*Asks:* 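One structure is given below, represented as structure tokens, and several questions about it will come after.
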Amino acid sequence: MVYLKTEDEIELLRQANLLVGRTLGEIAKIIKPGVTTNQIDKLADTFIRDNGATPTFKGVPSPYGGPFPASVCCSVNSQVVHGIPNDNPLKEGDIVSVDCGTLLNGFNGDSCYTFCVGEVSDEVKQLLKTTKESLYLGIKAAIAGHRIGDIGEAVQSHCEKQGYGVVRELTGHGIGREMHEDPMVPNYGHRGNGMLIHNGLCIAIEPMITMGKRDIYIDEDGWTIYTRDGQPAAHFEHTIAVHHGKADIMSSFEEVEKIEGKLY
Ligand code: MG
Ligand code: MG
């Protein structure tokens, strides 16, 4: 069941997502070699709660293990998504995808950014650049009258053209009062296929792109998804609302880019 949102609901969705953007901005300030993902998690948890919201990932049940123990997912290098924060210090040249969810005034924020730790190889930077570009191409395709497959096609063709893998098993999703609502928003597809996009459709678009093959596996912790070939993966996510015919981006990378500069 797809719930199209009203103007008022879109504004509430925006507030929850702007808080995610600000949280990612706070995280950008501390990312450097030596910092642990537990430190990132702690900062995010405090910042989200200080701003009157709840971190939505904490306690989410898994069909493969216990509830998610942390407030953000931190996925390092060959971890694609759902990495559990720990006490291992990040190293120069690592990448870390921080996926953050908030619940504020009954609505959900959901956005992810892949950060560089110190100086990262050009090869990895290219992966990040392409993944981020594909996110914005997907967003551009999310207009009223198009179909969900147009979004997937835009992401997939951009990434596969450069030889990268597009993860199939995990997708974007509808978002609103629930963190995950219908429809699923795959990062692959064909133009003109899938559900028709209407004004009021609110979705998270989130390409998960691998440097090597697209095959993944789930760790025995029941959460962490890894690339099977051990190559790095990138993940960028925005929540958008289809508003006045086109995609209005609810979340924000502005705060991150203020700190990081526009690396790509
Ligand atoms: Mg997310
Ligand atoms: Mg999401």
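Not measured: the values here are computed from a predicted model. For ligands, and for the atoms within them, numbers begin at 1 and follow the listed sequence.
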*Asks:* What is the minimum heavy-atom distance between Pro33 and Lys91, and which atoms define it?
*Replies:* CB-C, 4.4 Å
*Asks:* Hey, what's the ring geometry for Tyr217 with Tyr226, parallel, tilted or perpendicular (30° and 60° as the breaks)?
*Replies:*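 Parallel: the ring planes of Tyr217 and Tyr226 meet at under 30°.
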*Asks:* Any chance the rings of His238 and Tyr136 have centres within less than 6.0 Å?
*Replies:* yes
*Asks:* So do the side chains of Glu169 and Ile225 get within less than 4.5 Å of each other, counting heavy atoms only?
*Replies:*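 They are not in contact (no side-chain heavy atoms under 4.5 Å apart), so the answer is no.
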*Asks:* Using a distance threshold of 2.8 Å, state whether an N, O or S atom of His173 lies below it from the Mg ion (ligand 2).
*Replies:* yes
*Asks:* Against the six-membered ring of Phe47, is Arg22 placed for a cation-pi contact (under 6.0 Å from the centre, within 45° of the normal)?
*Replies:* no
*Asks:* Listing residue and atom name, which protein N/O/S atoms are closer to the Mg ion (ligand 1) than 2.8 Å?
*Replies:* Asp99 OD1, Asp99 OD2, Asp110 OD1, Glu237 OE1
*Asks:* So do the side chains of Cys73 and Trp223 get within less than 4.5 Å of each other, counting heavy atoms only?
*Replies:*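 Not in contact.
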